[in-house]
Trainee: 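Sharing a structure with you now.
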Amino acid sequence: MAPPLRSATLTAAQARRIAVGAQGFHEPKPAGPVTRAHLKRLIARLQVLQLDSVSVAVRAHYAPVFSRIGPYDRDLLDRAAWSHSARSPRLLVEYWAHEAALMAVDDWPLLRWRMQEYRHGRWGVEIVKKNAKLAESVVEAVAALGPSTAGQIEAYLESEPRGRKGPWWDRSETKWVAEALWSAGVLTTATRVGFARHYDLTERVLPAEVVDRQVDEADAVRELTLRAATSLGVATEADLRDYFRLGARQVKPAIADLLAAGHIERVDVEGWPAPAYLRAGQTVPRRDRGTALLCPFDPLIFFRPRVERLFGGFHYRIEIYTPAAKRRFGYYVWPFLLDGDLVGRVDLKADRVSGTLQVLGAFTEDGRDRARVARALATELQSMAGWLGLADVTVGHRGDLATELGDALVS
């Protein structure tokens with residue numbers, strides 16, 4: 001067992017080990033089938049699985065689970081997030097927990113204060129404010145229809161007699177209003193089909209005790225800050241704020257309360273420009289562990305300034321919106337964690353027609369042993385391909401690692 005921290009100063013290597021371990025990469029992967037219990041434990045550690053619509057390889061919320069516990073049945077996560085039965089109650093719910101993310105159902109009341117802030121939506125606030133009547137109609141439509149897409153809601157309202165309701169709004173406004181009601185907590189996601197959100201009344205989706213629970217903003221923010229500290233292991237104030245997208249005015253008093261209560265400790269980290277906070281009782285792992293492909297929205301790396309601090313200047317940006325000719329590494333690039341350090345990156349695409357996981361580009365960080373990185377990366381790519389139901393891994397010509405990786409895959 002690693003010793004507890006005894007110094008108020010951490011080396012950069014110690015901070016990195018703590019951070020990687022806190023995210024679950026030091027844990028052994030399940031020997032048998034991945035179960036709901038495995039998923040529940042992982043969510044308790046990570047708190048959030050960010051959602052994103054890009055599916056060039058696999059949708060973002062599936063990837064962090066694979067990265068930590070290996071190949072699993074994605075239906076397990078789908079059922080936990082978007083279905084409910086007496087035997088298997090809903091485990092996850094969607095909300096603005098980081099960005100749009102899956103979080104534990106029981107934690108939904110911790111974000112009531114944000115629902116109040118977003119009572120007119122997160123975006124398009126003026127559209128929502130001027131359409132109060134449409135908001136009432138959307139709620140009535142969902143109550144009548146059950147789980148419905150914005151298009152289904154719109155079609156239902158269009159079909160109402162003109163004398164009663166009638167199409168008195170701009171067609172695009174229904175989606176804005178439905179999203180605003182989702183942000184306000186009036187509606188939530190009952191299910192997704194083809195990744196399209198089906199809205200329903202929150203009280204029909206979540207347990208009554210969850211919907212009825214009231215949590216004061218200060219108490220909620222304090223709890224969220226503590227959870228961020230636990231998930232991150234060691235973190236600056238900016239890191240803690242980013243995990244649940246909290247404001248400085250909220251987090252500063254929360255940190256002071258948690259310090260006073262002994263839940264976190266203030267430490268300095270070698271090379272970090274700001275003080276850091278460590279979860280009380282945190283141990284420092286003796287060695288670097290953790291090997292995985294990380295999607296761009298993995299909780300270990302979704303705050304880019306922290307990535308650079310933790311991993312020796314590893315500069316990472318998603319280049320989806322960068323013109324192809326100006327991309328440095330590729331469209332959808334996955335950093336590669338090897339023994340607790342970021343040593344390379346690959347631009348991946350799942351070609352389901354040909355049944356191949358395509359490596360469009362493969363790159364190593366300066367000073368890394370290319371042959372070693374290629375061997376370890378080949379193993380992870382083969383595991384990922386099998387998980388996605390793809391028969392092969394192919395490697396293109398871009399990047400300094402391409403040749404060695406191609407050789408490792410056929411050896």
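Just so you know, these numbers use all the heavy atoms, side chains as well, and skip hydrogens, waters and symmetry mates.
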Trainee: Check step by step if side chain to side chain donor-acceptor pair (under 3.5 Å) holds for Trp96 and Ser183.
Mentor: CA-CA 7 Å; Trp96 300 115; Ser183 295; 2.9 Å; yes
Trainee: Quick check on Asp366: does its CG atom have over 12 non-hydrogen neighbours (other residues, nucleotides or ligands) under 6.0 Å away?
Mentor: no
Trainee: Which ring-ring contact (aromatic ring centres under 6.0 Å, His included) pairs, counting each pair once, include a residue from residues 238-268, with sequence neighbours left out?
Mentor: Tyr243-Phe302
Trainee: Shortest non-hydrogen contact from Ala101 to His98?
Mentor: CB-N, 4.2 Å
Trainee: Are the charged groups of Lys326 and Glu319 less than 4.0 angstrom apart, N to O?
Mentor: no
Trainee: Among Arg328, Glu308, Glu365, whose side chain to side chain donor-acceptor pair (under 3.5 Å) with His315 holds?
Mentor: Glu308
Trainee: Is a side-chain donor or acceptor of Asp52 paired with a backbone partner of Val54 at a separation under 3.5 angstrom?
Mentor: yes
Trainee: Checking Lys40 now: which residues fulfil side-chain hydrogen bond (donor to acceptor under 3.5 Å, both in side chains) with it, not counting sequence neighbours?
Mentor: none
Trainee: So if I apply the side chain to side chain contact (heavy atoms under 4.5 Å, CB included) rule between Leu278 and each of Val267, Val284, Leu232, which one comes out positive?
Mentor: Val267
Trainee: May I ask you to check whether Arg68 and Gln23 show a side-chain donor-acceptor distance below 3.5 Å?
Mentor: yes
Trainee: I'd like a table of donor-acceptor pairs (distance under 3.5 Å, sequence neighbours excluded) in which one partner is a side-chain atom from residues 386-394, with atom names and distances.
Mentor:
| unit_1 | atom_1 | unit_2 | atom_2 | d |
| --- | --- | --- | --- | --- |
| Trp387 | NE1 | Tyr72 | O | 2.8 |

Trainee: Whether Arg192 engages the ring of Phe195 as a cation-pi pair (distance to the six-membered ring centre under 6.0 angstrom, angle to the ring normal within 45°) should be assessed.
Mentor: yes
Trainee: According to ring pair (Phe, Tyr, Trp, His ring centres under 6.0 Å), who are the partners of Trp82, at least two apart in sequence or on a separate chain?
Mentor: His61
Trainee: Can you say whether the rings of Phe314 and Tyr316 are parallel (under 30°), tilted (30 to 60°) or perpendicular (over 60°)?
Mentor: tilted
Trainee: Do we see a donor-acceptor contact under 3.5 Å between the side chains of Gln250 and Glu217?
Mentor: yes
Trainee: Does NZ or CZ of Arg345 fall inside the cone over Phe363's six-membered ring, less than 6.0 Å from its centre and within 45° of the axis?
Mentor: no
Trainee: Hey, is Arg370 close enough to Asp400 for a salt bridge, meaning N to O under 4.0 Å?
Mentor: yes
Trainee: Name every donor-acceptor pair, under 3.5 Å, that has one atom in a side chain of residues 84-93 and the other anywhere in the protein, sequence neighbours excluded.
Mentor:
| unit_1 | atom_1 | unit_2 | atom_2 | d |
| --- | --- | --- | --- | --- |
| His84 | ND1 | Arg90 | N | 3.1 |
| Ser85 | OG | Ser88 | N | 2.9 |
| Ser88 | OG | Arg36 | NH1 | 3.2 |
| Arg90 | NH1 | Ala81 | O | 2.8 |
| Arg90 | NH1 | Ala190 | O | 3.2 |
| Arg90 | NH2 | Ala190 | O | 3.1 |

Trainee: Side-chain donor-acceptor contacts of residues 118-126 below 3.5 Å, not counting sequence neighbours, with atom names and distances?
Mentor:
| unit_1 | atom_1 | unit_2 | atom_2 | d |
| --- | --- | --- | --- | --- |
| Arg119 | NH1 | Gln116 | O | 2.8 |
| Arg122 | NH1 | Glu99 | OE1 | 3.1 |
| Arg122 | NH2 | Glu99 | OE2 | 3.4 |

Trainee: Does a sphere of radius 6.0 Å around OH in Tyr321 hold more than 12 heavy atoms from other residues, nucleotides or ligands, not counting ones at 6.0 Å or beyond?
Mentor: no
